[in-house]
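Remember, it's a predicted structure, so these values are computed and weren't measured experimentally. Numbering of ligands and ligand atoms starts at 1, following listing order.
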Amino acid sequence: MKIIVTGGAGFIGGNFVYYELKNHPEDEIICLDKLTYAGNLETLEEAMKNPKFKFVKADIADRDAVYKLFREEKPDIVVNFAAESHVDRSIENPEIFLKTNILGTQVLMDACREFGITRYHQVSTDEVYGDLPLDRPDLFFTETTPIHTSSPYSASKASADLLVLAYHRTFKLPVSITRCSNNYGPYHFPEKLIPLIISRALADEPLPVYGKGENVRDWLYVEDHCAAIDLVMRKGRVGEVYNIGGHNEKSNLEVVKTILKQLDKPESLITYVTDRPGHDMRYAIDPTKIHDELGWLPQTKFEDGIRQTIDWYLNHKEWWQNILSGDYQNYFDKMYGERLD
Ligand code: NAD
Ligand code: DAU
């Protein structure tokens, strides 16, 4: 089987490339990635040594480049991780989110129609459901929870999901969608909460916590997400949406304090900063459907996953220090400069 993995130079896509090469060594993997600020070829260094892996630099919204690749490779499965993924950046500049996340999805699905595939899989997010109140721990997102987005990022992901379902209904494209909660693990770009806190705590720098730090996220170790996507794209029902999450809700403050404790750093580093506009309060996934239909269950407990993640960042300083020393510094100064003064 030949699988095109878009966005494979990013956090989850990169982990997915390694998951596939390890668990399905018979399959060929072609990574299509534009290498935006979030894409990093160093992440794929080991994969590049595998003859079953190939990297192609291209924009998913570039129709000519995408069609050329499909014409040459004739993939069986396309799994789309490529996206602008950071909520704060979408608040600063929404346009590229619409272009990549919506139009890019359309181009990929048009190519699937033109050249024929057995499955188009869209990697989506729990953020399409909006948020839940903190005082209703009995509520969870199911696949039938109405779409109700908060940020330009989540609106762009929800738009893409609707387009994917429309291509199934109208053109009978064999699609599936997964909507996952927050991931953590190796190769996570250090603008996101967990790697940002690890890298800054190691440098004894102030740790920006939005608002009161009471917002809740449902954390899942990235390898568990990859296993779920692999199952759905191979065995999930066509035209269906599957939620992915591990019932692991933590407030941001709990997460930050856990990291500080493990790194033996003081809580005085925590600095409360102006809240994110439109900040979602709580995400919580009900993963019953994927468990009942496909037998998926998360394998990594948060206590183990966070320890492994911290160890990975300690053992791969070069990977994230290269990022921090580049363009990212300008982004950080612009985003947090005044808030941390
Ligand atoms: P990321 O930002 O780490 O990586 C995105 C990758 O996509 C990068 O390699 C980037 O170069 C590439 N890319 C961006 N625009 C592109 C374009 N126009 N053409 C080709 N490649 C392009 O993102 P991530 O955190 O790994 O998320 C991957 C996917 O999973 C996204 O679709 C995101 O919405 C979804 N998701 C993420 C999480 C999470 O917690 N990170 C949770 C649920 C769903
Ligand atoms: O739920 C899935 C989503 O999770 C994915 O769709 C997104 O691509 C991914 O980025 C992530 O979105 P979040 O906004 O939840 O992740 P982030 O790491 O940006 O923030 C996690 C929480 O931490 C959130 O409540 C905001 C807060 N935060 C974040 C940063 C960067 C802080 O308090 N301080 C910070 O500096």
Side-chain angles (χ1 to χ4, degrees), residues 5-16 31-41 43-44 56-62 65-66 79-91 96-97 99-101 103-105 107-108 122-129 131 141 150-151 153-154 156-157 160-161 178-185 187-197 200 206-220 222 225 229 244-245 250-253 255-256 270-276 279-285 332 335-336 339-340:
V5 176
T6 71
F11 165 44
I12 308 174
N15 278 282
F16 185 76
C31 169
L32 182 160
D33 197 296
K34 185 181 172 186
L35 295 181
T36 66
Y37 79 93
N40 191 344
L41 273 187
T43 298
L44 294 172
V56 177
K57 182 177 184 305
D59 184 338
I60 57 165
D62 178 343
V66 169
V79 49
N80 182 24
F81 291 89
E84 289 294 334
S85 69
H86 193 37
V87 173
D88 294 322
R89 288 184 189 253
S90 83
I91 296 167
I96 186 67
F97 284 74
K99 188 161 182 244
T100 290
N101 299 2
L103 295 179
T105 298
V107 169
L108 285 174
Q122 178 74 0
V123 180
S124 186
T125 168
D126 60 357
E127 297 202 15
V128 302
Y129 300 121
D131 63 353
F141 297 137
S150 311
S151 69
Y153 162 70
S154 56
S156 71
K157 292 295 289 184
D161 282 14
T178 43
R179 294 180 178 148
C180 190
S181 58
N182 286 61
N183 285 214
Y184 68 102
Y187 303 116
H188 204 178
F189 195 87
E191 68 188 346
K192 306 284 170 60
L193 182 72
I194 287 182
L196 180 114
I197 297 300
R200 290 184 67 82
L207 309 177
V209 171
Y210 297 166
K212 295 182 188 151
E214 59 189 4
N215 305 64
V216 167
R217 296 294 182 265
D218 185 357
W219 293 97
L220 183 73
V222 63
H225 186 190
I229 292 171
I244 308 173
K250 305 249 176 263
S251 74
N252 293 339
L253 213 46
V255 170
V256 173
I270 295 174
T271 308
Y272 294 96
V273 301
T274 325
D275 211 349
R276 171 186 281 174
H279 197 175
D280 281 336
M281 214 56 225
R282 169 177 169 249
Y283 302 146
I285 284 275
F332 191 87
M335 253 349 200
Y336 293 86
R339 292 155 95 185
L340 281 176

Does the N or O separation between [X] and ligand 1 drop below 3.5 Å for any pair?
X: Ala61; result: no
X: Lys157; result: yes
X: His188; result: no
X: Asn182; result: no
X: Phe11; result: yes
X: Ile60; result: yes
X: Asn183; result: yes

Item checked: ligand 2-proximal atoms of Asn252, by part, heavy-atom distance under 4.0 Å -> side chain
Notebook entry, point to check: Does Val87 approach ligand 2 within less than 4.0 angstrom via side chain, backbone, both or neither, non-hydrogen atoms only?
Noted result: side chain
Which is closest to [atom] by heavy-atom distance: [options]?
atom: atom 36 (N) of ligand 1; options: Leu220, Asn101, Ile12; result: Ile12
atom: atom 2 (O) of ligand 1; options: Ser85, Ala160, Gly245; result: Ser85
atom: atom 12 (O) of ligand 2; options: Met281, Glu127, His279; result: Glu127

Next item on the list: Would you please determine whether Lys157 falls within less than 4.0 Å of ligand 2 on a heavy-atom basis?
Entry: no
Distance to 0.1 Å, residue and atom name: give those for the protein heavy atom nearest to [atom].
atom: atom 42 (C) of ligand 1; value: Ser181 O, 3.4 Å
atom: atom 8 (O) of ligand 2; value: Ser85 O, 2.8 Å
atom: atom 4 (O) of ligand 2; value: Asn182 ND2, 3.1 Å

Next item on the list: Examine Tyr210 against ligand 2 and note whether any of their N/O atoms are separated by less than 3.5 Å.
Entry: yes
Next item on the list: Check whether NZ of the Lys or CZ of the Arg Arg89 lies under 6.0 Å from the centre of the six-membered ring of Tyr37 and within 45 degrees of that ring's axis.
Entry: yes
Next item on the list: Under 4.0 Å from a heavy atom of Tyr283: give me the atoms of ligand 2 that qualify, with their elements.
Entry: 1 (O), 15 (O)
